[in-house]
Amino acid sequence: MSSVKYIFVTGGVSSSLGKGIVAASLAKLLQARGYRVTIQKFDPYLNIDPGTLNPYEHGECYVTDDGAETDLDLGHYERFLDISTSQKNNITTGRIYNNVITKERQGAFLGKTVQVVPHITDEIKKNFQLLAQNDEYDIILTEIGGTVGDIESFPFLEAVRQFRWEMAPHDTLVIHLTLLPFLKAAGELKTKPTQHSVKMLSEAGIQPDILVCRSEYPVNTELRKKIALFCNVNVNSVIESIDAESIYDVPLLMKKEKLDERVLAKLKMAHKNEPDLESWKIFLGRLKTPTREVKITVVGKYVELPDAYKSIAESFVHAGVENECKVRLKWVQSEHLTEENLEASLGSPDGILVAPGFGSRGLDGKIIAVKYARENKIPFFGICLGMQCAVIEYGRNVVGIKDANSSEIDPQSPNPVIDMMEAQKRVTQKGGTMRLGAYPCEITKGTRAYTIYGKSKISERHRHRFEFNNKYLDRYTKAGMIASGINPDSNLVEIVEIKDHPFFLGVQFHPELKSTALNPHPIFVKFVKAAMDNSLNK
Ligand code: GLN
């Protein structure tokens, strides 16, 4: 356990500087040198996990194989590193307190007063090491959410301070990410906010080893020297992080700045090999030189906030690269869709994706978008609630069940073609109680789904309470909508499709959670291909 090295990434000056991307990029470089690396995120809010947060509050909720509802940064970690993260990779203040309070109720503190220091900080330090237990990693990166100076993240920083003091000097490292704002009037990048933020970090007892400075313009040597002098770091530990065209550029930008070399030197680790970034460079090359372009309209209800559908957007980037095609996404608010404005709002797309979601807001708009795609033979892909909408639409307009509905929308519906799963009916608590994480699915040979995956046994991640109601399966099959993927243990329908259509697929699971830069998800790849074919036939 002691051989594991710990890198902490903190942020200062402003939020949204892209700590997750910088952490994932560094991890990518270290992984490409042959080190076994993982990343975890510590979030300073009191929710036990982000599963109960509205996407408008915190963006998408990312679900891991083991069913953890986590921060969207874990999606970046998986997409960059091609690793599977777990419950252990995302810890919130809420979870830390919950663990400590549960122990207190069990009498574990033997009459002691339970306090932030040492009990909360001890629990945080224990959680820093959760991933170190099975000798799976050489390096563990820990991203500390929030910005230095926030009341909320203080216990995390105090735990980092103690942890560094307890560990051998070269076993831990702190990277602080800051912003160098450009003042137009002065015509220069300003270092003062960075100085202040490092000062605040030092007041918490933490001297950062490396500064990564976000900037819109190149950071010259003069400026680097100034920052180094005032912030107590080596000049070659002042790393520029210039705005990038794509997040996937950042690993190469960090390599150019030698961030990985600085890290290895400070941790006294061997430089091993040069990072092997061949496939990453090929990916980037294709990303920058698409030969075609398609327009895909995404119909959803959180479209005002792009982070709410982060994994879907990134899956389209991956699938576009695979097809050497630029995918232009148009985000359409389903709540505003009507029969009258539908065509104009969708904007003659080459493909339509109906997004996941919860509750009734915007549902009618999603249903008419499905109908439009089905009738006009536009490639259609429905994810989770999007698949459920496809089932409702087909029920109402093709199977002949005029009042087909989901019991999520109308609990009294006489024809709940989408109904609550049996196991969910006994659930009373909200957080972490949906059908979550990876489940197996068996695909029928000869179907579109089988052609897409090229195999019959797959595993995909889930996050839902409602499902296709198997009482209606016969009627749907006879009317032309088949269940091409089924969970072998529970018989739940996982994939539906229709035949006489260029591409019409609905999935109960979330394929977007498994698409990575170097391993694009086959459904997204084939959906983009179908959209490309459609655009040629127009
Ligand atoms: N609200 C639906 C359900 O719970 C769909 C969930 C989703 O789209 N993630 O089944």
Side-chain angles (χ1 to χ4, degrees), residues 49-56 58-65 67-70 72 75 298-303 305 307-313 315 334-335 352-367 369-370 380-393 395 404-411 413 416-439 441 460-470 472 483 485 487 490 492-496 505-515 521 523:
D49 60 44
T52 49
L53 284 170
N54 183 323
Y56 283 131
H58 200 65
E60 163 187 284
C61 172
Y62 189 80
V63 179
T64 56
D65 277 329
E69 296 181 292
T70 72
L72 58 78
V298 180
V299 181
K301 72 171 184 179
Y302 306 110
V303 291
L305 183 80
D307 272 0
Y309 302 110
K310 195 74 200 156
S311 294
I312 291 179
S315 300
S334 55
E335 202 178 5
I352 295 176
L353 181 140
V354 175
F358 293 84
S360 56
R361 180 168 74 89
L363 198 90
D364 293 340
K366 287 185 171 178
I367 292 174
V370 178
F380 167 81
F381 182 14
I383 299 181
C384 207
L385 183 64
M387 170 264 201
Q388 298 176 354
C389 288
V391 169
I392 297 170
E393 191 279 323
N405 213 339
S406 161
S407 46
E408 181 177 11
I409 311 307
D410 175 10
S413 169
V417 294
I418 300 293
D419 202 6
M420 189 179 268
M421 283 177 279
E422 239 0 86
Q424 286 291 324
K425 293 184 180 158
R426 297 182 290 276
V427 170
T428 50
Q429 295 276 85
K430 281 273 185 267
T433 55
M434 284 188 239
R435 180 171 179 248
L436 290 166
Y439 284 91
C441 168
E460 294 282 3
R461 299 182 193 171
H462 298 71
R463 184 173 189 246
H464 63 126
R465 295 190 199 282
F466 295 83
E467 246 296 352
F468 186 97
N469 185 342
N470 274 329
Y472 294 87
N487 176 287
S490 58
L492 293 180
V493 171
E494 301 281 21
I495 312 177
V496 296
L505 199 81
V507 296
Q508 186 54 76
F509 47 80
H510 291 266
E512 73 275 21
L513 302 175
K514 285 187 55 168
S515 182
H521 195 284
I523 304 184

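Remember, it's 1-based here, ligands and their atoms both numbered in the order they're listed. FYI, the numbering just counts along the sequence from 1.
For atom 10 (O) of ligand 1, the nearest protein heavy atom (residue, atom name, distance) is F466 N, 2.8 Å. Nearest protein heavy-atom contact of atom 1 (N) of ligand 1 is E408 OE1, 2.7 Å. In terms of protein heavy atoms, atom 7 (C) of ligand 1 is closest to C384 SG, 2.8 Å. Of all protein heavy atoms, the one lying nearest to atom 4 (O) of ligand 1 is R465 N, 3.0 Å. The single protein non-hydrogen atom nearest to atom 5 (C) of ligand 1 is G357 O, 3.3 Å, given as residue, atom name and distance.
Some N or O of L385 is nearer than 3.5 Å to an N or O of ligand 1, by distance alone.
When heavy-atom distances to ligand 1 are checked against a 4.0 Å cut-off, H510 comes that close only through its side chain, counted from C-beta outward. Counting heavy atoms under 4.0 Å from ligand 1, residue R463 touches it through the backbone alone.
Heavy-atom contacts of F358 reach the following atoms of ligand 1: 1 (N), 4 (O), 6 (C), 7 (C), 9 (N) (cutoff under 4.0 Å).
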Exercise for the section: Given side chain to side chain contact (heavy atoms under 4.5 Å, CB included), test C441 with N487 step by step and report yes or no. Expected result: CA-CA 4 Å; C441 168; N487 176 287; 5.8 Å; no
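For K425, the NZ atom is densely surrounded, since the number of other residues' heavy atoms within 6.0 Å is greater than 12.
Q508 does not count as a contact of ligand 1, since none of its heavy atoms falls under 4.0 Å from the ligand. Contact annotation: Q388 has at least one heavy atom less than 4.0 Å from an atom of ligand 1.
The aromatic rings of Y309 and Y302 sit tilted, their planes meeting at an angle between 30° and 60°.
Between the CD atom of E512 and the CG atom of L353 there is a distance of 8.5 Å, given to the nearest 0.5 Å.
Between K301 and E335, no side-chain nitrogen of the basic residue sits less than 4.0 Å from a carboxylate oxygen of the acidic one, so the salt-bridge criterion is not met. With respect to the salt-bridge test (charged N to carboxylate O, under 4.0 angstrom), the residues R461 and E494 do not qualify. Taking the charged nitrogens against the carboxylate oxygens, E69 and R463 do have a contact shorter than 4.0 Å, which makes a salt bridge.
Side-chain atoms of H58 never come within 3.5 Å of backbone atoms of Y56 as a donor-acceptor pair (strictly under, hydrogens ignored).
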